[in-house]
Amino acid sequence: SSPSIPKMAQKMSNNNNDNDDDGWGNDNADTNNNMDDTLKKQQELNSLLSSSSAKQVERQQQKQEEERDMFIPIFSLVSLAGLFGAYGYEMLRLYL
């Protein structure tokens, strides 16, 4: 059983040498063409990243506008209610 494994591995390595396609494209292509493709892909990536970051900033701003902090308005209303309540109480106490 063990002698068949090296033979099988040798057959697989021979097949790999015959088909040197690593899936990354043709190695014999013109370098200028590859540079142009690389430059186009880089520009496309940069534009996608900038549009993505702009959308993300816009979403964060909308989220901040939706989730407003209500501490100051609530504190103001409670303070005014307390002030007018104390004033009303003192006016009634002094009147009666």
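Throughout, numbering of the chain's residues begins at 1 and tracks the sequence. All values derive from a computational prediction rather than experimental measurement.
The line from CG of L49 to CD of Q56 is 11.0 Å long, rounded to the nearest 0.5 Å. The line from CG of L48 to NZ of K41 is 13.0 Å long, rounded to the nearest 0.5 Å. The CD atom of E44 sits 10.5 Å away from atom CD of Q42, with the distance rounded to the nearest 0.5 Å. Distance check: S79 OG to I74 CD1 gives 11.5 Å after rounding to the nearest 0.5 Å.
Under a hydrophobic clustering in which Ile, Leu, Val, Met, Phe, Trp and Tyr are joined whenever their side-chain heavy atoms come within less than 4.5 Å, directly or via other members, V78 and M70 fall into the same cluster.
Between E90 and R93 there is a salt bridge, since a side-chain N of the basic residue sits under 4.0 Å from a carboxylate O of the acidic one.
When all heavy atoms of S50 and S53 are compared, the closest pair comes out as O-OG, 2.9 Å.
Within a 6.0 Å radius of CD1 in I72, no more than 12 heavy atoms belonging to other residues, nucleotides or ligands are found.
Two residues are said to be in side-chain contact when any heavy atoms from C-beta on lie closer than 4.5 Å; L39 and Q43 meet this criterion.
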